[in-house]
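Below: the structure, in structure tokens.
In the text below, chain A, chain B and the rest are named by the order of the sequence lines, each starting its count at 1. What you see below is based on every heavy atom in this structure, not just the backbone, and it leaves out hydrogens, waters and symmetry mates.
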Amino acid sequence: MSAVVTIPRLYERLMAEYGPQGWWPLLGHAGTNPTKSGAVRGYHPGDYSFPRTDDERFEICVGAVLTQNTAWPNVERALASLASLNALTPDRMLDLDEGILRQAIRPSGYFNVKARKLRCLAEFCAGLGGRVPRRDELLAVWGIGPETADSILLYACKQPECVIDAYTRRVFAHLGIADPAASYDDLKALCERQLPRDVPVYQEFHGLLVEHAKRVYARKPYRDGVVRGNGG
DNA sequence: AACCAGGACGTGA
DNA sequence: TCACGTCATGGT
């Protein structure tokens, strides 16, 4: 079914409005983007050369797990804590005492399950030997679902996989682009069919949707059924 | 002071 | 398949 706003037009509009978002944020790039909503830093707008090292790739994978149903500032604390323990490599993370790991990631919430997830992730990454994982391999890892897998593929591995999240659903629903009840895979296929198959485009699209949703749909006026602002 | 955040898993129908 | 409970800290 045709929507009033197509996905490519939405992309162009958001890009014109907000500019490059520079996802995925990395520790070590604090202060690069003071214009973003919220106090979070670590983004690198316009620079698509990241990640540059195995450590940065693994940091993104860890962040993708830690941010599950969790606000990013909390994830940053956990990542910084892991970094101070020098635990942001698969081997070093596996060497960590389980209790230490749990305490380190505590600020990100769900620390018991996430500690287990991180161990599974680290074990998987250690066994990859630098190879780019397939999506089905990632999905087979305990703790990695569709969104986390696609985040890892798109941002850590630079594979052309669209990421769908709660914000994506909200924006699509309110613009009449898609039924919010549609399955993850259907929405993903829709995006990948309509956008040019380009990694930076997929990366920006996701970042832009989150930024837009945070500004426009995040609270009450939206929840009460009134779309605030001109966003539409 | 509720409400919710860049989900995934286990379970029961 | 699909709805629902669970996991938990910190910001607003």
- Message: For the CD atom on A:Glu98, are there more than 12 heavy atoms of other groups (residues, nucleotides or ligands in this structure) within a distance under 6.0 Å?
- Response: yes
- Query: Closest nucleotide of DNA chain B for A:Asp165 versus for A:Ile144: which of these residues is on the 5' side?
  - Reply: A:Asp165
- Item | Positive for side-chain contact (heavy atoms from CB on, under 4.5 Å) with A:Ile152, one of A:Val141, A:Ile144, A:Ile60 | A:Ile144
- Tell me whether the OP1 or OP2 atom of C:dT9 has a side-chain N or O from A:Arg102 closer than 4.0 Å. no
- Task: Could you work out which one of C:dA8, B:dA8, B:dG6 sits closest to the side chain of A:Thr67?
- Result: B:dG6
- Message: Please determine whether a side-chain nitrogen or oxygen atom of A:Trp142 lies at a distance below 4.0 Å from atom OP1 or OP2 of B:dG7.
- Response: no
- Note on the structure: Side-chain contact check for A:Asn112: nearest option of C:dG10, C:dA8, B:dG6 is C:dA8
- Query: To the nearest angstrom, how far is A:Asn69 atom CG from C:dT6 atom C1'?
  - Reply: 11 Å
- Provide the distance between the two P atoms, one in C:dG10 and one in B:dA8, to the nearest whole Å. 22 Å
- Only one of A:Glu204, A:Arg215, A:His212, A:Glu211 passes side chain to side chain donor-acceptor pair (under 3.5 Å) with A:Tyr18, and that residue is A:His212
- Query: Starting at NZ of A:Lys114 and ending at C1' of C:dG10, how long is that distance when rounded to a whole Å?
  - Reply: 12 Å
- Message: Rounded to whole Å, how long is the line connecting atom CG of A:Leu118 with atom P of C:dA8?
- Response: 13 Å
- Query: Between C:dC7 atom C1' and A:Lys117 atom NZ, what is the distance in whole Å?
  - Reply: 8 Å
- Message: What's the closest nucleotide to the side chain of A:Pro25 if the choices are B:dG6, C:dT9, B:dG7?
- Response: B:dG6
- Message: Quick check for you: among B:dA8, C:dG10, C:dA8, whose closest atom lies nearest to any side-chain atom of A:Asn74?
- Response: C:dG10
- Query: Can you tell me how far P in B:dG6 sits from the matching atom in C:dG5, rounded to whole Å?
  - Reply: 23 Å
- Query: Under 3.5 Å, is there a donor-acceptor pair linking the side chains of A:Asp55 and A:Thr53?
  - Reply: no
- In whole angstrom, what separates A:Ile164's CD1 from B:dG6's P? 16 Å
- Message: Using whole Å, what does the distance between atom C1' of nucleotide B:dA5 and atom CZ of A:Arg169 come to?
- Response: 16 Å
- Message: The side chain of A:Tyr110 is closest to which nucleotide in this list: B:dA8, C:dT9, C:dC7?
- Response: C:dC7
- Note on the structure: Closest of B:dG6, C:dG10, B:dA8 to the A:Arg77 side chain is C:dG10
- Task: Mind calculating the distance between CD (A:Glu147) and C1' (B:dG6) to the nearest angstrom?
- Result: 6 Å
- Query: Taking atom C1' of B:dA8 as reference, at what distance in whole Å does atom CG of A:Leu121 sit?
  - Reply: 14 Å
- Quick one: which of A:Trp24, A:Tyr43, A:Tyr202 gives a ring-ring contact (aromatic ring centres under 6.0 Å, His included) with A:Tyr155? A:Trp24
- Remember a base hit wins even if backbone is also touched, and classify A:Ser108 as base, sugar-phosphate or nothing at under 4.0 Å, heavy atoms. nothing
- Are A:Leu208 and A:Leu175 linked, directly or through other ILVMFWY residues, by side chains that come within less than 4.5 angstrom of each other? yes
- Task: Would you mind classifying the nucleic acid contact of A:Leu209 as base, sugar-phosphate or nothing, using non-hydrogen atoms under 4.0 angstrom?
- Result: nothing
- Query: Is A:Trp72 stacked on the base of B:dG6 when the test is centres under 5.5 angstrom and planes under 30 degrees?
  - Reply: yes
